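All values reported here derive from a predicted model rather than from experimental measurement. Every chain is numbered from 1 and lettered A, B, ... according to where its sequence line falls, protein lines coming before strand lines.
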2 protein chains.
Amino acid sequence: MQPVACQVDEWQSGIVGARIAGASIDEAADFMVSGTKNREFPDTMIKRAKGVTISQVADAAGVARSSVSRAFTRPDMLSPETVERIMKAAEALGYVPNHTARALSTGRHGNVGLIVPDIANPFFPPLIQAAQIEADRSDFCIFLGNTEENPKQEDKLVGRFAGQVEGLVLASSRLSDERIRAHAGQLPLVLINRDIDGIPRVLIDSGSGVSQAVEHLAKLGHRKIVYVSGPSNSWSNKQRRTAIRAAASNLGVAIETVPAVLASYNSGRNAVSAILATGATAAVAFDDLTAQGVLAGLAEKKVSVPGDFSLIGCDDVLGAVTYPALTSVSNRSMEAGRVAVSLLLDMLQSRAIRDVRYVLETHLVVRNTTAAR
Amino acid sequence: MQPVACQVDEWQSGIVGARIAGASIDEAADFMVSGTKNREFPDTMIKRAKGVTISQVADAAGVARSSVSRAFTRPDMLSPETVERIMKAAEALGYVPNHTARALSTGRHGNVGLIVPDIANPFFPPLIQAAQIEADRSDFCIFLGNTEENPKQEDKLVGRFAGQVEGLVLASSRLSDERIRAHAGQLPLVLINRDIDGIPRVLIDSGSGVSQAVEHLAKLGHRKIVYVSGPSNSWSNKQRRTAIRAAASNLGVAIETVPAVLASYNSGRNAVSAILATGATAAVAFDDLTAQGVLAGLAEKKVSVPGDFSLIGCDDVLGAVTYPALTSVSNRSMEAGRVAVSLLLDMLQSRAIRDVRYVLETHLVVRNTTAAR
DNA sequence: GACTTTCATGCAACCGGTTGCATGTCAAGT
DNA sequence: ACTTGACATGCAACCGGTTGCATGAAAGTC
């Protein structure tokens, strides 16, 4: 843990390194800052927060510890006067039940874990946020884990979390079905965008929205469309490609696939030549970032959008911030996060696993990158 | 917790509601799924994972519990043979030390909290990710909290976290100095982008980068520049405006401020008329999203960038995805997250508060939205 | 061979709550 | 007045580890 020292740009305060103040550490009654305020703000010792315990409250209120416990957890078991007396004593002392101790004796610690492949991917933050809010509503806290798209890291995180969460949400897990099943045998699990029988899961069906996209383009008179595909091992990519092919063949529209091999924006941009070479007049991209790349590439080549070419993204992570504003397929990642947590908490409460397959439909959001040809 | 039911789009599995399998819950030796596999995947009971305890290992290895404990925490105290025997027994039984119990007796649970105002703001995900990675390196887990820019929510979260984390990182806190000081008295705290004496803090000095932006524009021949300002109560906004004014006056460049009152993209777009009305030939925007809005607004008005007008963003959250690619000021939010956690863990280990003011300099990243006039 | 010293291990208290059961009190029932 | 039950509260065990101290055996010293 010396990275601080070697990456400092500027230490405004020259005072570094622990300086032990006069008082002994053990004596302190409370977490606090001590040390003489001689110069600026000297380094100071941390005194551990010796929290008020249930026994102290019990003594103060003249009752047994169990009564204090009950006053907080099941006040209906006690006479109103007793509860009040205890509460008054607790308040006076600043008592807060110790979460860890409670967790140990009850076996419930009120935490759930959420593991995502890449926090920085704009798809996830709304999901995380919604999950957090949902958990909060039930007084649960969220452990967040980031796997950097690495299955090994994911496995490791699951293991580390397992001991301190009651359940886990795995979003767009990169683990094999077997590993996921194994973990599901250890603790309650809910999946997002992984479809494994017997494990509760929330699926965002981008197929529906993508089909609408094709219909929309067909209606505008486009007869040949390109699908700019995403990562080949992605569940969503598979789903989208299938849906597009089906819709196109239904509508008698020609479809061609151009791969955007690498990560999103740049590969979209690089794919533009290939896209134009097909002679298509419109494209649907794997996701919004790819679409944004395509948009930039088209602008470079002076192809006007939507005048000369129509473009549709997917996941709607950009809002309407591109120019022209990108037509896209809604992503519902927020709902996915919320529902997954809600499902998980539900499982925890009922102590039952339900084989749930919760599907969220998506739809087309028409903006300004599509027009009649 | 009934939101699931009322927002269902589609329940693929019709079997809903807990069905209790034959076996009694208490009997189960392990967390598992039971119930007859009659039809699809019927609902199944969760059996609590009755973990292997230290006593079982002790019995199996023929030693006292304390020896098992030591085998895991201070193996040097035991003879190598004993350690091996214990480890073998532990492995055979699949023993994993109970995190909660350990936390209770040691007072250390190996968690830190991270609270941000808005996960969905692209500024934060890299910060969160870096914090998470840094914590992971020391086997710490991260609690993530989202305040939705609401000080009350922030207060509440701090309180909830306080019981289960050893320390807390507050990023871009919206709390008053007093509240922050109060919390800092309760548990180790590190701030990001809040400058409060006596509390360890990591500050991203966007002033330096913004000054470079002004110099860059001046060098390109721009004599009048607009600053498109952000939220008036933002520490960063204040810092940036001040830096721009100073740099401009140094260089003899005229500066004018146009407020972008509301949230970023749209307000940037709406500010375009006012910006052009000033007669300036270049602008620096509070952040990249605002700049993106301005970019879109300029495109609408057929003002070519950078031909007719130069534009610089701030925070560099867009990468190079706009067209033309946006010149911006680096943000270093990743470093901020990493350093803040590192600082916090350092404090926890040394049990000392250091009055650290860690400043991260920023710099200009020149791309394609700036040109000579 | 008696006397330290060293070292591995066990004992038992402790962390701070929760909870099943026993006890005591008081009012209702007959 | 005596039984019965309901109810409020206390006792003590328990959750699953950690840790200061005691103990006893082996090794070292003279």
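Rounded to whole angstrom, the span from the CG atom of B:Asn98 across to the C1' atom of C:dG17 amounts to 14 Å. A:Ile86 has its CD1 atom 13 Å from the P atom of C:dG17, to the nearest Å. Taking atom NE2 on A:His99 and atom C1' on C:dT18, their separation rounds to 14 Å, with Å as the unit. Between the CG atom of A:Asp59 and the C1' atom of C:dG16 there is a distance of 14 Å, rounded to whole Å. Atom-to-atom, CD of A:Gln164 to C1' of D:dG16 comes out at 15 Å; the value is rounded to the nearest Å. Taking atom NE2 of residue B:His109 and atom P of nucleotide C:dG16, one finds them 12 Å apart after rounding to whole Å. Rounded to whole Å, atom C1' of D:dA12 lies 14 Å from atom CD1 of A:Ile54. Note: CZ (A:Phe72) to C1' (C:dT19) measures 17 Å, nearest angstrom.
Between B:Ser67 and C:dG10, a side-chain N or O to OP1/OP2 separation shorter than 4.0 Å is present. For the pair A:Ser79 and D:dT9, the criterion of a side-chain N or O lying under 4.0 Å from OP1 or OP2 is met. Residue A:Ser55 places no side-chain N or O under 4.0 Å from the OP1 or OP2 atom of C:dG17. Under 4.0 angstrom from either OP1 or OP2 of C:dC15 there lies no side-chain N or O belonging to A:Thr100. Side-chain nitrogen and oxygen atoms of A:Ser69 include at least one within less than 4.0 Å of the OP1 or OP2 phosphate oxygen of C:dT18.
Side-chain atoms of A:Arg70 come within donor-acceptor range of the base of C:dG20, with a qualifying N/O pair under 3.5 Å. Between the side chain of B:Arg65 and the base of D:dG16, no donor-acceptor pair of N or O atoms lies under 3.5 Å. Residue side chain A:Ser66 reaches the base of D:dC11 through a donor-acceptor N/O pair under 3.5 Å, judged by distance alone.
Within 4.0 Å of A:Tyr95, counting heavy atoms only, lie sugar-phosphate atoms of the nucleic acid but no base atom. In this structure, B:Ala101 reaches the bases: a heavy-atom distance under 4.0 Å links it to at least one base atom across the strands shown. Heavy atoms of B:Val63 sit under 4.0 angstrom from primed sugar atoms or phosphate atoms, though from no base atom.
Side-chain polar atoms of B:Glu154 and B:Ser173 form a donor-acceptor pair below 3.5 angstrom. Between the side chains of B:Thr82 and B:Ser79, at least one donor-acceptor pair of N or O atoms lies under 3.5 Å.
Looking at which nucleotide of DNA chain D each of A:Leu78 and B:Arg102 is closest to, the 5′-most match is held by A:Leu78. Of the residues near DNA chain D, B:Val96 and A:Val83, the one whose nearest nucleotide (by heavy atom distance) lies more toward the 5' end is A:Val83. When the nearest nucleotides of DNA chain C are assigned to B:Asp76 and A:Leu104 by heavy-atom distance, the more 5′-ward of the two goes with B:Asp76.
Ionic pairing of B:Arg181 and B:Glu178 is not present here: no N-O contact between side-chain nitrogen and carboxylate oxygen is shorter than 4.0 angstrom.
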Under the side chain to side chain contact (heavy atoms under 4.5 Å, CB included) criterion, do B:Asn111 and A:Phe143 qualify, and how do the steps go?
CA-CA 9 Å; B:Asn111 300 323; A:Phe143 272 108; 3.7 Å; yes
Please report the C-alpha distance between B:Asp177 and B:Arg194 in whole Å, then the side-chain angles of each, then the deciding distance to 0.1 Å, and finally whether the salt bridge (charged side-chain N to carboxylate O under 4.0 Å, His left out) criterion is met.
CA-CA 9 Å; B:Asp177 283 14; B:Arg194 277 296 290 265; 2.6 Å; yes
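Proximity note for A:Ser105 (side chain, C-beta onward) versus D:dG10, D:dT9, C:dG16: the nearest is C:dG16. Looking at the side chain of A:Thr53, the nearest of the listed nucleotides D:dA8, C:dG16, C:dG10 is C:dG16.
When all heavy atoms are compared, the tightest approach of A:Arg85 to A:Ala61 is NH1-O, 2.6 Å.
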